[in-house]
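Working notes for the structure below.
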Amino acid sequence: NRPVEQVSWFEAVEFCKRLSKLTGRNYRLPSEAEWEYACRAGTTTPFHFGETISTDLANYCGTDNRNWSGSYGKGLKGVYRKETTPVGQFPPNAFGLYDMHGNVREWCADEWHENYAGAPTDGSVWLNGNKDIQPLRGGSWASFPNNCRSAIRYCYFVRRDVHNNSSGFRVVCDGGRTL
C-alpha cells in the first residue's frame, strides 16, 4: 500500500516497458511538465490545496531541523513520520491523484536542464540535456515543506542509477480507455 522507493530511474523505465508489454498499452514516466500539470490540478498556488501545507495534508518533515523550518508561509509546524505512509492516507487533488506533495519524490522522463529556456511548449519529454542526471519532482517524507511545492525540481546531481529511500515514481498511460 506504500509507494515504491529505492528504485533507480533505469528500473522505473524498465517497469514501464514491462507493464506496457503485459497490458498492450503504452506506460511511461511523465515529463516534468506533465508531472507539474497533474500536481497542480488546475491551481496556481504553491500546493494544490492552497498557499501552505500541513502534515494533515501530506507526508513530509513538519519539524524544524538544523537551518530548515518545518512550516511554510503562515502554516503550522507538524510531525515528522520518518518514513513513507500508505497511499490514500491524505486527501487527493482535484484530479484524484494522491501524494503529489510528499511521500516520495518522483522520477521524470526528461533529461536535466538548469531552467526552462527552450523547453517544449506541448508538455512533451525534453531531451538534449544532461543525460546523466534525471529530474525528480514533488517532495518526500524527508523533505521540508518548501521542497514539496508544485514547482519544485530536484536534481542535486541525482544520477539515473541512484537508489534512494525518498525517491520513487508514478506512471502515465498514453491514450484513452476502452469502455
Side-chain angles (χ1 to χ4, degrees), residues 1-40 47-48 58-61 65 68 80-90 92-93 95-116 118-120 122-175:
N1 294 334
R2 293 178 184 244
V4 66
E5 59 178 90
Q6 300 186 40
V7 60
S8 73
W9 180 86
F10 291 113
E11 292 165 335
V13 169
E14 179 64 22
F15 175 87
C16 292
K17 287 179 185 176
R18 289 180 184 205
L19 183 60
S20 296
K21 186 175 180 181
L22 179 69
T23 64
R25 299 178 75 181
N26 185 35
Y27 287 91
R28 60 180 175 76
L29 296 178
S31 71
E32 281 196 82
E34 289 171 324
W35 190 97
E36 188 168 333
Y37 178 83
C39 179
R40 289 186 178 281
F47 307 95
H48 68 74
N59 183 24
Y60 65 94
C61 182
N65 188 347
W68 296 92
Y80 182 24
R81 295 175 182 88
K82 300 180 183 179
E83 64 182 353
T84 61
T85 53
V87 174
Q89 182 170 325
F90 301 100
N93 69 13
F95 291 170
L97 302 173
Y98 291 92
D99 297 329
M100 297 299 290
H101 296 295
N103 234 3
V104 292
R105 296 180 205 137
E106 299 173 355
W107 292 111
C108 290
D110 304 58
E111 293 169 354
W112 180 255
H113 295 81
E114 290 296 323
N115 57 49
Y116 292 123
D122 63 357
S124 61
V125 173
W126 191 14
L127 303 175
N128 302 318
N130 186 331
K131 294 176 180 17
D132 296 322
I133 301 172
Q134 291 303 127
L136 290 157
R137 297 299 301 260
S140 79
W141 59 267
S143 298
F144 290 97
N146 185 56
N147 292 329
C148 293
R149 294 172 294 116
S150 299
I152 197 67
R153 303 174 72 221
Y154 287 92
C155 108
Y156 301 115
F157 306 104
V158 179
R159 295 182 333 269
R160 294 176 173 191
D161 60 349
V162 166
H163 296 82
N164 186 303
N165 65 357
S166 63
S167 299
F169 68 101
R170 114 177 20 237
V171 301
V172 296
C173 182
D174 288 338

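For this chain, numbers begin at 1 and follow the sequence in order. What you see is a predicted model; the values in this text were computed from it and never measured.
For the pair Ser143/Cys148, a side-chain contact is recorded, criterion being any heavy-atom separation below 4.5 Å from C-beta on. Under the 4.5 Å side-chain criterion, counting only non-hydrogen atoms from C-beta, Asn164 is not in contact with Gln6. Between Phe90 and Thr85, the closest side-chain pair of non-hydrogen atoms falls below 4.5 Å.
Between Phe144 and Cys61, the shortest heavy-atom distance links the atoms CE2-SG, 3.6 Å. Nearest heavy atoms, Ala109 versus Leu29: CB-O, 3.7 Å. A pairwise comparison of heavy atoms in Pro92 and Tyr98 identifies CD-CE2, 3.5 Å as the closest pair. The minimum heavy-atom distance between Asn93 and Cys39, with the atom names listed, is ND2-O, 3.3 Å.
The structure places OG of Ser8 at 4.0 Å from NE2 of His163, a figure rounded to the nearest 0.5 Å. Between Glu111 atom CD and Asn128 atom CG the span is 6.5 Å, to the nearest 0.5 Å. From Leu136, atom CG reaches atom CZ of Phe169 across 12.5 Å, with rounding to the nearest 0.5 Å. For the atom pair Trp112 CH2 and Lys131 NZ, the distance stands at 15.5 Å (nearest 0.5 Å). Atom CG of Asp161 and atom CG of Asp132 lie 9.0 Å apart (nearest 0.5 Å). For the atom pair CD (Glu34) and CG (Asp122), the distance works out to 9.0 Å, reported to the nearest 0.5 Å.
For the pair His101 (side chain) and Gly138 (backbone), a donor-acceptor distance under 3.5 Å is absent. Judged by distance alone, the side chain of Arg137 and the main-chain N or O of Ile152 form a donor-acceptor pair under 3.5 Å. Of the possible donor and acceptor atoms, none in the side chain of Glu32 sits under 3.5 Å from a partner among the backbone N and O of Pro135. For Asp110 (side chain) and Trp126 (main-chain N/O), a donor-acceptor pair under 3.5 Å exists by modelled atom type. Judged by distance alone, with hydrogens and angles left aside, the side-chain atoms of Trp107 form a donor-acceptor pair with the main-chain N or O of Val7 at under 3.5 Å. Of the possible polar contacts, none joining the Asp99 side chain to the Ala58 backbone as a donor-acceptor pair under 3.5 Å is found. Side-chain atoms of Asn65 do not come within 3.5 Å of backbone N or O of Trp68 as any donor-acceptor pair.
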message: Between Asn103 and Ser140, does the side-chain hydrogen bond (donor to acceptor under 3.5 Å, both in side chains) criterion hold? Intermediate values first, please.
response: CA-CA 4 Å; Asn103 234 3; Ser140 79; over 6 Å; no

query: Run the side-chain contact (heavy atoms from CB on, under 4.5 Å) check on Ser167 and Val104 step by step: do they pass?
result: CA-CA 5 Å; Ser167 299; Val104 292; 5.8 Å; no

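Ionic pairing of Glu5 and Arg105 is not present here: no N-O contact between side-chain nitrogen and carboxylate oxygen is shorter than 4.0 angstrom. Checked for salt-bridge contact, Asp174 and Arg25 miss the test: no charged N lies under 4.0 Å from a carboxylate O.
Cation-pi geometry between Arg153 and Tyr116 is satisfied (NZ or CZ under 6.0 Å from the ring centre, within 45° of the ring normal). Cation-pi geometry between Arg81 and Trp141 is not met: the NZ or CZ atom fails to fall both under 6.0 Å from the ring centre and inside 45° of the normal.
Between the side chains of Glu106 and Trp35, a donor-acceptor pair is found at a separation under 3.5 Å.
Aromatic rings from Tyr27 and Phe15 are positioned such that their centres are separated by 6.0 Å or more.
Among residues at least two apart or in separate chains, there is no salt bridge (charged side-chain N to carboxylate O under 4.0 Å, His left out) pair with a member in residues 138-147.
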